Amino acid sequence: MLRTMLCAGLAACALPVHAETWTFTYQGFHDQNADTFVADRMLTGSFAGQDSDGDGTVSRAEITSLILNGYDYVGCQSQSNEFWQCGTEAFSYKPGSALQFTAGQGGADPEGWVGAGHYYVSGQQESGFSFRPGQFDIWAYQWTPQTTFAISSAPEPATWALMLGGLPLAAWATRRRKPRAARGLPGGPACM
(Lines give C-alpha, C1' and ligand atoms only; values in the text may rest on other atoms or scores of the structure.)
Protein backbone atom coordinates (compact mmCIF):
# COMPACT_ATOMS: atom_id res chain seq x y z
CA MET A 1 0.00 0.00 0.00
CA LEU A 2 2.78 2.42 0.92
CA ARG A 3 4.55 1.57 -2.35
CA THR A 4 1.39 2.36 -4.35
CA MET A 5 0.94 5.70 -2.59
CA LEU A 6 4.60 6.61 -3.16
CA CYS A 7 4.34 5.71 -6.85
CA ALA A 8 1.17 7.77 -7.24
CA GLY A 9 2.83 10.74 -5.56
CA LEU A 10 5.91 10.46 -7.76
CA ALA A 11 3.78 10.21 -10.90
CA ALA A 12 1.79 13.30 -9.90
CA CYS A 13 4.97 15.28 -9.33
CA ALA A 14 6.61 14.16 -12.57
CA LEU A 15 3.65 14.95 -14.84
CA PRO A 16 3.16 18.54 -16.02
CA VAL A 17 0.14 20.43 -14.73
CA HIS A 18 -0.39 22.05 -18.16
CA ALA A 19 -0.80 25.52 -16.64
CA GLU A 20 0.56 27.96 -19.15
CA THR A 21 0.92 31.65 -19.82
CA TRP A 22 0.28 32.84 -23.35
CA THR A 23 1.47 36.21 -24.63
CA PHE A 24 -0.05 37.76 -27.74
CA THR A 25 0.09 40.83 -29.93
CA TYR A 26 -2.33 42.34 -32.41
CA GLN A 27 -0.91 45.01 -34.69
CA GLY A 28 -2.53 47.32 -37.23
CA PHE A 29 -5.98 48.78 -36.60
CA HIS A 30 -8.42 51.10 -38.32
CA ASP A 31 -8.80 54.37 -36.38
CA GLN A 32 -12.54 54.99 -36.62
CA ASN A 33 -12.31 58.68 -35.67
CA ALA A 34 -9.59 59.51 -38.22
CA ASP A 35 -10.94 56.95 -40.74
CA THR A 36 -7.43 55.64 -41.44
CA PHE A 37 -5.44 52.45 -40.97
CA VAL A 38 -2.73 52.79 -38.30
CA ALA A 39 -0.11 50.12 -39.06
CA ASP A 40 1.89 50.55 -35.83
CA ARG A 41 -1.07 50.58 -33.40
CA MET A 42 -0.64 47.54 -31.10
CA LEU A 43 -2.65 45.65 -28.53
CA THR A 44 -0.43 43.50 -26.32
CA GLY A 45 -1.67 41.02 -23.81
CA SER A 46 -1.34 37.75 -21.99
CA PHE A 47 -3.49 35.20 -20.23
CA ALA A 48 -2.75 32.37 -17.82
CA GLY A 49 -4.67 29.17 -17.32
CA GLN A 50 -5.06 25.58 -18.35
CA ASP A 51 -7.43 23.37 -20.29
CA SER A 52 -8.78 21.71 -17.13
CA ASP A 53 -11.56 19.73 -18.80
CA GLY A 54 -9.31 18.48 -21.62
CA ASP A 55 -11.61 19.63 -24.45
CA GLY A 56 -8.79 21.37 -26.33
CA THR A 57 -10.10 24.88 -25.58
CA VAL A 58 -9.16 27.23 -22.75
CA SER A 59 -12.41 28.91 -21.65
CA ARG A 60 -13.30 31.82 -19.37
CA ALA A 61 -13.63 29.53 -16.33
CA GLU A 62 -10.15 28.12 -16.96
CA ILE A 63 -8.11 31.35 -16.93
CA THR A 64 -6.68 33.13 -13.91
CA SER A 65 -5.69 36.34 -15.69
CA LEU A 66 -6.33 38.27 -18.90
CA ILE A 67 -4.00 41.23 -19.23
CA LEU A 68 -4.70 43.71 -22.02
CA ASN A 69 -2.28 46.61 -22.46
CA GLY A 70 -1.04 46.11 -18.90
CA TYR A 71 -4.39 45.79 -17.09
CA ASP A 72 -5.77 42.50 -15.67
CA TYR A 73 -9.44 42.15 -16.65
CA VAL A 74 -9.88 38.95 -14.62
CA GLY A 75 -8.21 40.29 -11.45
CA CYS A 76 -10.21 43.52 -11.46
CA GLN A 77 -13.56 41.75 -11.36
CA SER A 78 -13.49 41.39 -7.57
CA GLN A 79 -13.16 45.17 -7.21
CA SER A 80 -16.36 45.98 -9.17
CA ASN A 81 -19.08 47.90 -7.39
CA GLU A 82 -22.30 49.76 -8.26
CA PHE A 83 -20.37 52.71 -9.77
CA TRP A 84 -17.57 50.86 -11.55
CA GLN A 85 -17.69 47.52 -13.37
CA CYS A 86 -14.65 45.61 -14.60
CA GLY A 87 -14.16 42.10 -15.88
CA THR A 88 -13.93 39.54 -18.64
CA GLU A 89 -17.35 38.67 -19.97
CA ALA A 90 -16.25 36.00 -22.44
CA PHE A 91 -13.04 34.17 -23.30
CA SER A 92 -12.07 31.25 -25.53
CA TYR A 93 -8.78 30.05 -27.01
CA LYS A 94 -8.12 26.90 -28.98
CA PRO A 95 -4.49 26.58 -30.14
CA GLY A 96 -4.30 27.07 -33.88
CA SER A 97 -7.49 29.13 -34.06
CA ALA A 98 -8.67 32.62 -33.13
CA LEU A 99 -8.41 34.08 -29.64
CA GLN A 100 -11.81 35.38 -28.56
CA PHE A 101 -12.48 37.69 -25.62
CA THR A 102 -14.83 40.40 -24.45
CA ALA A 103 -13.50 42.49 -21.56
CA GLY A 104 -13.63 45.99 -20.24
CA GLN A 105 -14.16 48.47 -17.50
CA GLY A 106 -16.36 51.48 -17.05
CA GLY A 107 -18.21 53.59 -14.56
CA ALA A 108 -19.42 56.95 -13.43
CA ASP A 109 -19.68 59.03 -10.28
CA PRO A 110 -22.86 58.52 -8.21
CA GLU A 111 -24.55 61.54 -9.80
CA GLY A 112 -23.63 60.49 -13.34
CA TRP A 113 -21.76 63.68 -14.18
CA VAL A 114 -18.33 62.19 -14.90
CA GLY A 115 -17.53 58.76 -16.28
CA ALA A 116 -15.41 56.70 -18.62
CA GLY A 117 -15.04 53.23 -20.08
CA HIS A 118 -12.62 51.09 -22.05
CA TYR A 119 -13.76 47.92 -23.81
CA TYR A 120 -12.32 45.15 -26.00
CA VAL A 121 -14.11 42.74 -28.31
CA SER A 122 -11.45 40.69 -30.10
CA GLY A 123 -11.84 40.57 -33.84
CA GLN A 124 -14.06 43.65 -33.76
CA GLN A 125 -12.76 46.67 -31.88
CA GLU A 126 -11.13 48.32 -28.90
CA SER A 127 -13.17 51.33 -27.87
CA GLY A 128 -13.48 53.90 -25.16
CA PHE A 129 -15.47 56.85 -24.00
CA SER A 130 -15.34 59.59 -21.41
CA PHE A 131 -17.78 62.28 -20.40
CA ARG A 132 -18.10 65.24 -18.10
CA PRO A 133 -20.42 68.27 -18.13
CA GLY A 134 -20.37 69.78 -21.61
CA GLN A 135 -18.11 67.14 -23.19
CA PHE A 136 -18.44 63.59 -24.51
CA ASP A 137 -15.54 61.81 -26.23
CA ILE A 138 -15.59 58.43 -27.94
CA TRP A 139 -12.92 56.53 -29.86
CA ALA A 140 -12.48 53.13 -31.47
CA TYR A 141 -9.79 51.07 -33.17
CA GLN A 142 -11.22 48.31 -35.33
CA TRP A 143 -9.72 44.99 -36.39
CA THR A 144 -9.22 44.70 -40.17
CA PRO A 145 -8.01 41.97 -42.54
CA GLN A 146 -4.57 43.65 -42.27
CA THR A 147 -4.48 43.28 -38.48
CA THR A 148 -1.77 40.75 -37.61
CA PHE A 149 -1.84 38.32 -34.69
CA ALA A 150 1.03 36.53 -32.94
CA ILE A 151 0.82 34.26 -29.88
CA SER A 152 3.25 32.10 -27.91
CA SER A 153 3.10 30.11 -24.68
CA ALA A 154 5.28 28.88 -21.87
CA PRO A 155 4.53 26.71 -18.83
CA GLU A 156 3.90 28.64 -15.64
CA PRO A 157 6.69 28.57 -13.01
CA ALA A 158 4.62 26.24 -10.80
CA THR A 159 4.52 23.67 -13.60
CA TRP A 160 8.30 23.74 -13.95
CA ALA A 161 8.68 23.44 -10.17
CA LEU A 162 6.47 20.32 -10.07
CA MET A 163 8.32 18.71 -12.97
CA LEU A 164 11.74 19.51 -11.56
CA GLY A 165 10.70 18.37 -8.09
CA GLY A 166 9.22 15.11 -9.36
CA LEU A 167 12.17 14.01 -11.47
CA PRO A 168 14.67 13.72 -8.58
CA LEU A 169 12.09 11.76 -6.58
CA ALA A 170 11.59 9.34 -9.47
CA ALA A 171 15.37 8.94 -9.85
CA TRP A 172 15.75 8.32 -6.10
CA ALA A 173 13.02 5.66 -6.18
CA THR A 174 14.68 3.95 -9.15
CA ARG A 175 18.12 3.94 -7.49
CA ARG A 176 16.65 2.66 -4.25
CA ARG A 177 14.95 -0.21 -6.06
CA LYS A 178 18.04 -1.50 -7.92
CA PRO A 179 20.02 -2.85 -4.93
CA ARG A 180 16.94 -4.73 -3.73
CA ALA A 181 16.58 -6.55 -7.05
CA ALA A 182 20.35 -7.21 -7.27
CA ARG A 183 20.27 -8.97 -3.89
CA GLY A 184 17.40 -11.21 -5.03
CA LEU A 185 15.02 -9.76 -2.46
CA PRO A 186 11.31 -9.85 -3.17
CA GLY A 187 9.71 -6.70 -4.40
CA GLY A 188 9.74 -6.76 -8.21
CA PRO A 189 8.98 -3.56 -10.01
CA ALA A 190 8.33 -0.67 -7.65
CA CYS A 191 5.39 0.83 -9.52
CA MET A 192 2.72 -1.31 -11.14
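What you are looking at is a predicted structure, and each value in this text was computed from that prediction instead of being measured.
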Are the side chains of [Y] and [X] in contact, using a 4.5 Å heavy-atom criterion?
| X | Y | answer |
| --- | --- | --- |
| Arg60 | Val74 | yes |
| His30 | Asp35 | yes |
| Thr148 | Tyr26 | no |

Nearest 0.5 angstrom please: [X] [atom1] to [Y] [atom2], how far?
| X | Y | atom1 | atom2 | value |
| --- | --- | --- | --- | --- |
| Met42 | Asn69 | CE | CG | 9.0 Å |
| Leu43 | Ser122 | CG | OG | 9.5 Å |
| Phe47 | Ile63 | CZ | CD1 | 7.5 Å |
| Glu62 | Ser92 | CD | OG | 9.5 Å |
| Thr144 | Phe29 | OG1 | CZ | 8.5 Å |
| Trp139 | Asn33 | CH2 | CG | 9.5 Å |

Looking only at heavy atoms, what is the nearest atom pair of Gly56 and Asp51, with distance?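 Taking every non-hydrogen atom into account, N-OD2, 2.6 Å.
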
Return the minimal non-hydrogen interatomic distance between Ser153 and Glu20, and the atom names on each side.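 Shortest heavy-atom contact: OG-OE1, 2.9 Å.
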
Transitively linked via ILVMFWY side-chain contacts under 4.5 Å: Trp22 with Ile67?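 Each belongs to a different hydrophobic cluster.
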
Mind listing the side-chain donor-acceptor pairs of residues 125-136 below 3.5 Å, one per line with the distance, residues two or more places apart or on another chain?
| from | atom 1 | to | atom 2 | distance (Å) |
| --- | --- | --- | --- | --- |
| Glu126 | OE1 | Arg41 | NH2 | 3.1 |
| Glu126 | OE2 | Arg41 | NH2 | 3.3 |
| Glu126 | OE2 | His118 | NE2 | 2.8 |
| Arg132 | NH2 | Gln135 | OE1 | 2.5 |
| Gln135 | NE2 | Asp137 | OD1 | 3.4 |
| Gln135 | NE2 | Asp137 | OD2 | 2.7 |

Anything under 3.5 Å between a donor and an acceptor, one on a side chain of residues 82-91, the other on a protein residue two or more places apart or in another chain? List them.
| from | atom 1 | to | atom 2 | distance (Å) |
| --- | --- | --- | --- | --- |
| Trp84 | NE1 | Gln105 | OE1 | 3.4 |
| Gln85 | NE2 | Asn81 | O | 2.4 |
| Thr88 | OG1 | Tyr73 | O | 2.9 |

Remaining members of Trp113's ILVMFWY cluster at a side-chain heavy-atom cut-off under 4.5 Å?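 Hydrophobic cluster check, Trp113: joined to Val114.
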
